[in-house]
Number of protein chains: 2
Amino acid sequence: MKKQRLIPPASSKVNLADYDPDYTGDYDKQTARDEVRQMQERLQVLQEMLYAQGKHALLIVLQAMDAGGKDSTIKKVFEGINPQGVFVTSFKVPTDEELGHDFLWRIHRSVPRKGHIGIFNRSHYEDVLVTRVNKLVSKQECVRRYQHINAFERLLTDTGTHILKFYLHISKDEQKERFQDRLDRPDKHWKFSIGDLEVRKDWDCYMEAYADALSECNTDYAPWHIVPANRKWYRDVVITRAIVETMEGMGLAYPEPEKDLDKVKIKD
Amino acid sequence: MKKQRLIPPASSKVNLADYDPDYTGDYDKQTARDEVRQMQERLQVLQEMLYAQGKHALLIVLQAMDAGGKDSTIKKVFEGINPQGVFVTSFKVPTDEELGHDFLWRIHRSVPRKGHIGIFNRSHYEDVLVTRVNKLVSKQECVRRYQHINAFERLLTDTGTHILKFYLHISKDEQKERFQDRLDRPDKHWKFSIGDLEVRKDWDCYMEAYADALSECNTDYAPWHIVPANRKWYRDVVITRAIVETMEGMGLAYPEPEKDLDKVKIKD
């Protein structure tokens, strides 16, 4: 298989047609699953050090079309992680209070503190995606928002937060199959809403909006990963690896003990 | 082994000397571990239904002396749980803003929303424990606080939140061993603070304050569980079982599908 980029080259225009959602590199399902399990053990150790050290935060942003696999990524990648220190925020339609502020206000309130991992299930990128497709904001306003987003992510990374952004790239056919599965399985009905089919009609507009966001907000300090996501096992191994590698690069360590800890005696 | 109560009888005075922290019932280590693993699979299904249904919330309160096992309970019991829908709040020394409000203000802000599980690592009970031992509040004020706590927990349970409170009961000798382990192991140094030894000196005062809180705030709607916690594997099986049984009793189910979902066809 011809090797496919995960992170688009900086300051180039992304064309999503160049990214095959079926791509699986050199992996087969079993190898991918085994590797995820191994890496999860390492992830547990890294998370404990991140928490103990309290110097860095990690922010993981997940974006995808409906049924793109955001929920199942969280479940599969963070299986076995200690829930103390991991916080998932699912951004829904903004409330009145949220709409009364700038679009980054509710996002900023939810960023992880040092020592923690924050996972955004949808994010500030909705404000240049769904709002744009539904013509709630102009193309011009979107351009301003890309700049606000880049400045905001710069603020976070300058102050100890590492950012990993994943776009889970599925094909329109794959979405259809997954919707059908939700219609067929009673235990999955709750994940389906008839409104999802309305959104599906705008598929091409969404792809265009995604391509722009992935191009304009792909910085060296907060790069986008375009994750081939038709095969869930490949998606999981790619994301788990990116997280582990990022954390390995943080220089994590257990903090220095208090002074004279070696002289402490517990008397009774 | 003589059977030991888990939940003290209502409106009776708890005497912690009656509760053996070494108690393990009919369990051995392997049986307990196996049972926890089995119940965790059930817990995953129950959590998904809780989340999908969005009718109930579950609040788990963990209290214990230092090294009593609060952190490790969270890690062990919630291994494999989907972090989306589980929120751990660790209450530390209150901030100025928190101190500017009544003692339940910061607690109320952190209770789980419907569909979620909230875990309190320490809680509002610190306000009748550490504050009392350190004489920041009078015995009389504590009595008022028990009433405030009972009314607050009544509010929560009346409005869809199920409350499980666990006191992890360890012996003073067990604490010594665990402290020594933290002193001996470099990867555990960060969990030890020299101040912990000061707190240890007040052990008897804490036991008295705990006995009062466990007696005065042991209601039928929000009962205390006194968990024998010297053996971690027994502690884990007791807590996991209480959580699973509580959730089994909630009448959880996947929500009804949208109307006419069976007629939906995905066209392209």
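FYI, side chains are in, hydrogens and waters are out, and symmetry mates aren't considered; it's all heavy atoms of this structure. Proteins get letters first, then strands, A, B, ... in listed order; numbering begins at 1 in each.
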For this session: Determine which pairs satisfy ring pair (Phe, Tyr, Trp, His ring centres under 6.0 Å) with at least one residue from residues 62-83 of chain B, sequence neighbours left out, and list them in order.
Result: none
Problem set entry | side-chain contact (heavy atoms from CB on, under 4.5 Å) involving B:Ala209 - partner list, sequence neighbours excluded | B:Leu129, B:Arg132, B:Val133
Problem set entry | Under 4.5 Å from any heavy atom of chain A - which part of B:Leu261 | both
Problem set entry | Any B:Phe192 side-chain heavy atom under 4.5 Å of A:Val264 side chain | yes
Output all donor-acceptor pairs under 3.5 Å across chain A and chain B; consider backbone as well as side chains.
residue: A:Glu48; atom: OE1; partner: B:Lys75; partner atom: NZ; Å: 3.2
residue: A:Asp71; atom: OD1; partner: B:Gln84; partner atom: NE2; Å: 2.8
residue: A:Lys75; atom: NZ; partner: B:Glu48; partner atom: OE1; Å: 3.2
residue: A:Gln84; atom: OE1; partner: B:Ser90; partner atom: OG; Å: 3.2
residue: A:Gln84; atom: OE1; partner: B:Asn121; partner atom: ND2; Å: 2.7
residue: A:Gln84; atom: NE2; partner: B:Asp71; partner atom: OD1; Å: 2.8
residue: A:Ser90; atom: OG; partner: B:Gln84; partner atom: OE1; Å: 3.2
residue: A:Asn121; atom: ND2; partner: B:Gln84; partner atom: OE1; Å: 2.7
residue: A:Lys172; atom: NZ; partner: B:Asp268; partner atom: OD2; Å: 3.2
residue: A:Ser193; atom: OG; partner: B:Glu258; partner atom: OE2; Å: 3.1
residue: A:Ile194; atom: N; partner: B:Glu258; partner atom: OE1; Å: 3.3
residue: A:Ile194; atom: N; partner: B:Glu258; partner atom: OE2; Å: 3.3
residue: A:Arg200; atom: NE; partner: B:Asp268; partner atom: O; Å: 3.2
residue: A:Arg200; atom: NH2; partner: B:Asp268; partner atom: O; Å: 2.3
residue: A:Glu258; atom: OE1; partner: B:Ile194; partner atom: N; Å: 3.3
residue: A:Glu258; atom: OE2; partner: B:Ser193; partner atom: OG; Å: 3.2
residue: A:Glu258; atom: OE2; partner: B:Ile194; partner atom: N; Å: 3.3
residue: A:Asp268; atom: O; partner: B:Arg200; partner atom: NE; Å: 3.2
residue: A:Asp268; atom: O; partner: B:Arg200; partner atom: NH2; Å: 2.3
residue: A:Asp268; atom: OD2; partner: B:Lys172; partner atom: NZ; Å: 3.2

Exercise. Which atoms form the tightest heavy-atom contact between A:Val86 and B:Pro83, and what is the distance?
Worked result: CG1-CB, 4.2 Å
For this session: Please flag which part of A:Leu197 lies under 4.5 Å from any non-hydrogen atom of chain B: side chain, backbone, both or neither.
Result: side chain
Exercise. Taking side chain as C-beta onward, heavy atoms only, is B:Ile266 less than 4.5 Å from A:Leu183?
Worked result: yes
Seminar exercise, completed: Turns out that what part of B:Ile74 lies under 4.5 Å from chain A's heavy atoms comes down to both
